[in-house]
Amino acid sequence: MKASSPIVLLTGGSSGIGAATARLLCQRGMTVYSASRSGGGEAVSSPAGRIIPVSMDVNDSAAVQAVIQRILQEQGRLDAVVCNAGNGIAGAVEDTSVEEARYQFETCFYGAVRTIDACLPVFRAQGGGRIVTVSSVAAVIPIPFQAYYSSVKAALHMLTRAISLEVKPFGIQCCCVLPGDTKTGFTKARKFAQASQDPASPYYKTMTESVGKMEKDEQNGMAPEVIGKAICRQLGRRRMKLTVTPRLDYRAIGILARLLPERLMMWIVGLLYS
Ligand SMILES: NC(=O)c1ccc[n+]([C@@H]2O[C@H](COP(=O)([O-])OP(=O)(O)OC[C@H]3O[C@@H](n4cnc5c(N)ncnc54)[C@H](OP(=O)(O)O)[C@@H]3O)[C@@H](O)[C@H]2O)c1
């Protein structure tokens, strides 16, 4: 980014990947408006950079607009947005109601859409800006019992790639980051579809074992700083990559998912998780 002290709006900044990203961006001299519903996370004002925690629910258009107006009033510009806020819901598709599926799409997809939509007029008026979205390797690997999470992350990945073509003429760049298992508050915040918690569900045993294994993998996963560094690196580049999968092993998984015959790939995923 060209600005001397870039101004970044980061969603989901109070915890996990967002909190680590805010710290790293701040250390690199950026001013980070770190948004979450709670408005939590550390406030930093250092000679290098700043972290300004703000309360903003990405599902509330008025709140998103208010934060962007505040940033413009205080800073006169906005250089980048990192759409990281997210949550997860687990359970077999048959055990998940449409309302519960909508919950998954509300924050992870429409929350990002609301935030991006609100930033785009600002970026166009400035003649440039950067959009980073935080998807998941679950976007390229179909995860059983987290089918809606996989679906929403695939949708966010596709949205980022499609939008990049629309906004390129305005000098706006896009990047989608696909983290693998990362040790954050995500595991504890995960919701389960109500019917999936009924031991009488035909999926109950497999779902419980499978999601239990995934949760163990998350809690033994990468430090959130690994993802934060990848986001910082992209924001520091003259030209951002469109898709970034941090860490070699997850990058290899992504490549294999594209190259392997689908039947073989599904067999491997099934062996691991169902
Ligand atoms: N952890 C993993 O293994 C992993 C792997 C791949 C991708 N990801 C993705 O990484 C992103 C960050 O997750 P994390 O692992 O760092 O989880 P986390 O520790 O639970 O952090 C989630 C953040 O999102 C915020 N948030 C949730 N709903 C929000 C809303 N409606 N409006 C504004 N902020 C909201 C939370 O703050 P409040 O509760 O205060 O709002 C929190 O700051 C998510 O998109 C997740 O899907 C995580």
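We count ligands from 1, going down the list as the structure has it; atoms in each ligand are counted the same way.
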Residue pair Tyr273 / Gln146, side-chain donor-acceptor N/O under 3.5 Å: no
Donor on one side chain, acceptor on other, Thr115 and Thr11, under 3.5 Å: no
Which of the atoms of ligand 1 are close to [X], meaning less than 4.0 Å from one of its heavy atoms?
X	answer
Asn59	31 (N)
Ser36	33 (C), 34 (N), 37 (O), 38 (P), 40 (O), 41 (O)
Ser136	6 (C), 7 (C)
Ser38	40 (O)
Gly16	16 (O), 19 (O)
Asp181	3 (O)
Asp57	30 (C), 31 (N), 32 (N)

Starting from [atom], locate the nearest protein heavy atom and write down its residue, its atom name and how far away it is, to 0.1 Å.
atom	value
atom 13 (O) of ligand 1	Phe186 CD1, 4.1 Å
atom 29 (C) of ligand 1	Arg37 NE, 3.5 Å
atom 48 (C) of ligand 1	Ile17 CD1, 3.9 Å
atom 12 (C) of ligand 1	Asn84 OD1, 3.1 Å
atom 6 (C) of ligand 1	Pro179 O, 3.3 Å
atom 42 (C) of ligand 1	Ser14 OG, 3.6 Å
atom 46 (C) of ligand 1	Tyr149 OH, 3.6 Å
atom 26 (N) of ligand 1	Ala85 CB, 3.9 Å

Could you tell me whether [X] atom [atom1] has more than 12 heavy atoms of other residues or ligands within 6.0 Å of it?
X	atom1	result
Arg161	CZ	yes
Tyr110	OH	no
Met265	CE	yes

Heavy-atom contact check, 4.0 Å cutoff: does [X] meet ligand 1?
X	result
Ser135	yes
Gly180	yes
Glu106	no
Met56	yes

Contact check: Thr184 vs ligand 1, nitrogen or oxygen atoms, below 3.5 angstrom: yes
Under 3.5 Å donor-acceptor, Arg251 side chain and Thr245 backbone: yes
Could you list the donor-acceptor pairs under 3.5 angstrom formed between side-chain atoms of residues 49-57 and any protein atom two or more places apart in sequence or on another chain?
from: Ser55; atom 1: OG; to: Arg37; atom 2: O; distance (Å): 3.1
from: Asp57; atom 1: OD1; to: Asn59; atom 2: N; distance (Å): 2.8

Carboxylate-amine/guanidinium proximity below 4.0 Å for Glu209 and Lys205: yes
